[in-house]
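The next block holds one structure in the form of structure tokens; read it before the comments.
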Amino acid sequence: MTVTETSATALHTDAVRALKGWHAPDAEQEQLRRDYLEHLAGHPDGLFRACLPAHITASAVVVDPAAGRVLLTLHPKVGIWLQMGGHCEPGDPALAAAALREATEESGIPDLTLFAPDGSPAPVLLDRHLVRCTGKDRPENTHLDVQYVAVAPPGAEALISEESLDLRWFDFDRLPELTDHSVRALVTRARELTA
């Protein structure tokens, strides 16, 4: 087994552990949790972009609780404000690490920490959505997104990356119009958890 295969196996094992240990906040989220575990049981490569028609992704909403604000990115492919996140990579040691890597890369904030109420970062919500992530010539596929909360240091300044059309802080109570239900739910959950 190569180093990459060993890393991918470890990431798969971690994702199963994270989802098995997560307590969903409601029946809909519990069904998603079960669906994600079923996907992983049937797909050893289920965390990677090459796995079609669905794969696990990791994201994190970046919040500055002291200032009552959230950092969102204007996504170039879908044209709406979203949390930071994306595809897992074979070198990611854990699903939470993939979410933190994505949040750090896309926010430009080096000192983010994942919300970890019991000492270990845990998902806060799950979201399943259709997307075309591999190019115009490829069919739409499903992202099985595992969502975390990343806490920024007070007064953190963001630095836009090439992956964003725009990057801005918004007050918790004044989210931009171009957000979807899943982002609003995630921000609400993050606000509750970090209050």
Side-chain angles (χ1 to χ4, degrees), residues 14-15 17-36 56-75 78 80-86 88 92-129 143-161 163-164 166-195:
D14 175 77
R17 179 204 55 76
L19 289 165
K20 279 188 175 179
W22 183 60
H23 299 290
D26 58 42
E28 183 179 336
Q29 287 287 299
E30 175 60 19
Q31 185 58 57
L32 284 175
R33 186 187 75 84
R34 291 178 184 180
D35 292 349
Y36 285 26
I56 302 284
T57 56
S59 69
V61 64
V62 176
V63 296
D64 176 355
R69 62 185 187 159
V70 58
L71 184 66
L72 298 176
T73 179
L74 185 56
H75 197 280
V78 295
I80 62 173
W81 293 94
L82 300 173
Q83 75 275 15
M84 317 301 148
C88 297
D92 291 326
L95 195 55
L100 183 60
R101 174 185 51 75
E102 286 285 341
T104 301
E105 288 173 359
E106 293 182 24
S107 72
I109 301 172
D111 299 323
L112 297 173
T113 56
L114 290 183
F115 177 72
D118 299 323
S120 180
V124 297
L125 287 178
L126 307 176
D127 182 60
R128 176 172 36 208
H129 53 272
H143 277 185
L144 306 173
D145 197 36
V146 181
Q147 301 174 331
Y148 293 81
V149 173
V151 179
E157 292 187 25
L159 180 64
I160 193 167
S161 75
E163 298 183 43
S164 301
D166 198 357
L167 185 69
R168 287 191 215 164
W169 289 103
F170 296 94
D171 290 343
F172 285 141
D173 292 323
R174 299 184 60 142
L175 296 182
E177 198 172 302
L178 289 175
T179 56
D180 64 14
H181 169 74
S182 70
V183 172
R184 291 178 181 278
L186 181 57
V187 171
T188 297
R189 183 84 171 133
R191 184 179 187 179
E192 292 168 354
L193 291 171
T194 60

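Partners of Q31 by side-chain hydrogen bond (donor to acceptor under 3.5 Å, both in side chains), not counting sequence neighbours, listed by chain and number: D35. The salt bridge (charged side-chain N to carboxylate O under 4.0 Å, His left out) test applied to R17 returns D14, not counting sequence neighbours. Among residues two or more places apart in sequence or in another chain, the side-chain hydrogen bond (donor to acceptor under 3.5 Å, both in side chains) test is passed with S164 by T73. The side-chain hydrogen bond (donor to acceptor under 3.5 Å, both in side chains) check on Q147 picks up D145, with sequence neighbours excluded. The side-chain hydrogen bond (donor to acceptor under 3.5 Å, both in side chains) test applied to D26 returns no partner, not counting sequence neighbours.
Here CG of L32 is found 8.5 Å from CG of L144. Values are rounded to the nearest 0.5 Å. Expressed to the nearest 0.5 Å, how far CD1 of I80 lies from CG of L74 amounts to 9.0 Å. Distance CZ/R69 to CZ/F170: 12.0 Å, rounded to 0.5 Å. One distance of note links CH2 of W81 with CZ of R184; it measures 13.0 Å at 0.5 Å rounding. The line from CD of Q83 to NE2 of H75 is 9.5 Å long, rounded to the nearest 0.5 Å.
Nearest heavy atom pair, residue L167 against residue S107, reads CD2-O, 3.8 Å. Among all heavy-atom pairs drawn from A99 and S59, the shortest one is CB-O, 3.6 Å. Minimum heavy-atom separation, D166 to I160: CA-CD1, 3.5 Å.
Proximity of L100 to Y148: side-chain heavy atoms (C-beta onward) are nowhere separated by under 4.5 Å. Contact check for Y36 versus I56: side-chain heavy atoms found under the 4.5 Å cut-off. D64 is not listed as a side-chain neighbour of L71, based on a closest heavy-atom distance of 4.5 Å or more. Two residues are said to be in side-chain contact when any heavy atoms from C-beta on lie closer than 4.5 Å; D173 and R191 meet this criterion.
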Using residues 109-127 as the side-chain source, report each donor-acceptor pair under 3.5 Å to any protein atom, sequence neighbours left out, with the distance given to one decimal.
from : atom 1 : to   : atom 2 : distance (Å)
D127 : OD2    : H129 : ND1    : 2.8

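Sorted by first then second residue, the salt bridge (Lys or Arg N to Asp or Glu O under 4.0 Å) pairs that include residues 92-107, not counting sequence neighbours, are E89-R101, D92-R101, R101-E105.
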